[in-house]
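Structure first, commentary second.
Treat the numbers as computed from the prediction; the structure is a model and nothing was measured. All values below were derived from every heavy atom in this structure, side-chain atoms included, with hydrogens, water molecules and symmetry-related copies excluded.
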Amino acid sequence: MSMNISGFGAGSNSAYKSINTNSKQYKAAAKNHLAALMEEEAMMTPEQKMLYKLMGGREAHMRNVMQNYNSDGDFIGSGGVVVPGMYHGEDGKVDRSTWQQLIPVSDDMRQKMFDNVKREFIQENGISNGDTTKRSQIFREYQLSVKKEDRAKGTWTLQQYEGKYRSAMYAAVKAANPKWEPGQPFDPSILDSVTRESVESTLVKSGNTFVKRSSVSGSSLDVQV
């Protein structure tokens with residue numbers, strides 16, 4: 001059942017006293033939350049409605065929700081932890097084709113990612129350890145270094161490079177010791193010949209990721225790594 005409680009703008013934005021409903025911040029918050037909020041309001045008991053109104057009602061609720069968005073309407077999360085342009089919906093699946101694209105990433109950021117992968121690969125004996133990795137800091141540094149429109153696509157691209165760097169290191173250690181398994185110690189000098197340039201020189205684009213080119217019977221063949 002619909003409700004109409006004056007004071008917190010049920011069914012209308014005209015009752016808002018401290019919210020600019022024409023702002024991008026409000027419009028983004030309203031687009032993602034207002035419909036669900038109205039459904040909750042419609043299910044409130046009279047007592048709940050009274051308490052809701054005393055606590056500021058819809059206006060207070062929307063002010064709190066708006067704190068998760070910046071003035072451009074970008075979702076930044078509580079305390080601004082999300083870099084603008086990096087939110088893809090709660091499940092991360094919104095318009096994947098628009099951001100899962102390969103674009104140029106600077107040599108500097110690719111080198112930082114390579115160095116981090118190598119350091120962690122040696123430190124953790126080839127195991128990806130979510131407790132010690134510094135990769136998130138590198139991604140955030142990259143995101144803040146480029147324009148908002150390139151952040152998601154560039155992060156996707158840097159992730160693809162990251163995976164290829166790690167695969168190349170795994171292959172090098174495995175070639176030196178076929179019995180080696182991730183988690184087992186290995187001689188770090190094995191990775192001396194694995195450089196960012198040597199890895200990237202073997203890569204070609206294939207759709208929205210990279211594949212490694214290998215030679216078979218004198219011809220070129222692209223294979224997933």
Side-chain angles (χ1 to χ4, degrees), residues 77 80-88 92-93 96-216 219-225:
V81 298
V82 179
V83 176
M86 290 303 301
Y87 181 67
H88 310 300
K93 298 178 181 178
R96 282 190 174 185
S97 63
T98 65
W99 58 272
Q100 289 187 350
Q101 301 178 24
L102 298 178
I103 66 171
V105 174
S106 69
D107 289 351
D108 179 58
M109 292 309 306
R110 300 201 316 273
Q111 188 64 50
K112 286 184 178 182
M113 181 57 75
F114 176 87
D115 293 341
N116 184 69
V117 170
K118 184 174 182 178
R119 178 185 62 78
E120 294 182 353
F121 195 93
I122 294 173
Q123 176 181 301
E124 305 296 336
N125 292 318
I127 293 179
S128 299
N129 190 336
D131 295 328
T132 62
T133 182
K134 303 296 183 182
R135 64 194 296 270
S136 294
Q137 290 91 317
I138 296 175
F139 282 125
R140 187 176 181 88
E141 178 184 349
Y142 167 74
Q143 291 158 8
L144 293 174
S145 72
V146 298
K147 60 184 181 180
K148 182 172 65 176
E149 293 75 15
D150 287 343
R151 288 171 181 170
K153 291 178 283 189
T155 298
W156 169 261
T157 303
L158 197 54
Q159 286 178 324
Q160 306 315 301
Y161 279 116
E162 178 189 26
K164 298 310 179 185
Y165 300 151
R166 182 173 296 279
S167 294
M169 293 176 196
Y170 173 88
V173 178
K174 199 71 172 176
N177 179 8
K179 294 183 179 180
W180 176 81
E181 295 295 336
Q184 298 176 348
F186 65 90
D187 181 359
S189 66
I190 294 172
L191 300 182
D192 288 350
S193 62
V194 181
T195 65
R196 176 179 65 82
E197 292 81 0
S198 69
V199 176
E200 293 178 3
S201 67
T202 68
L203 303 178
V204 293
K205 293 182 180 180
S206 178
N208 65 348
T209 188
F210 294 112
V211 295
K212 182 178 179 181
R213 178 185 295 123
S214 63
S215 180
V216 177
S219 62
S220 178
L221 174 66
D222 293 339
V223 295
Q224 288 289 147
V225 177

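The CG atom of N116 lies 8.5 Å from the CZ atom of R166; values are rounded to the nearest 0.5 Å. From Y170, atom OH reaches atom CZ of F186 across 12.0 Å, with rounding to the nearest 0.5 Å. The distance from the CD1 atom of I122 to the CD1 atom of I190 is 10.0 Å, given to the nearest 0.5 Å. Here the OG1-CD distance, from T157 to Q100, works out to 10.5 Å after rounding to the nearest 0.5 Å. For the atom pair K212 NZ and K164 NZ, the distance stands at 9.5 Å (nearest 0.5 Å). Residue R151 holds its CZ atom at 9.5 Å from CZ of R140, rounded to the nearest 0.5 Å.
Across A172 and V194, no two heavy atoms sit closer than the pair CB-CG2, 3.7 Å. For the residue pair A152 and G85, the shortest heavy atom distance occurs at CB-O, 3.8 Å. Summarising the geometry of I103 relative to G154, their closest heavy-atom pair is CD1-N, 3.5 Å, with the distance given to 0.1 Å. The shortest non-hydrogen separation linking L102 to G207 is CD1-O, 4.1 Å. Between V199 and A168, the closest heavy-atom pair is CG2-CB, 3.6 Å. The nearest pair of heavy atoms linking P104 to Y142 is O-OH, 4.4 Å.
Counted by atom type alone, S106 and D108 present zero donor-acceptor pairs between their side chains at under 3.5 Å.
A heavy-atom distance below 4.5 Å is found between the side chains of V211 and V204. Contact annotation: the side chain of K174 approaches that of E181 to within less than 4.5 Å [non-hydrogen atoms, C-beta and beyond]. A 4.5 Å side-chain heavy-atom check between Q159 and M113 finds every atom pair outside the cut-off.
A distance-only check finds a donor-acceptor pair linking the side chain of W156 to the backbone of N208 [under 3.5 Å].
Remark: K134 NZ is loosely packed, at most 12 non-hydrogen atoms of other residues, nucleotides or ligands lying under 6.0 Å away.
Between Y165 and F114, the two ring planes are perpendicular [angle over 60°; tilted spans 30° to 60°].
With sequence neighbours left out, the salt bridge (charged side-chain N to carboxylate O under 4.0 Å, His left out) criterion links R135 to E162. Partners of F139 by ring pair (Phe, Tyr, Trp, His ring centres under 6.0 Å), not counting sequence neighbours: none found. Shown here are the salt bridge (charged side-chain N to carboxylate O under 4.0 Å, His left out) partners of E200, two or more places apart in sequence or in another chain: R110, R196.
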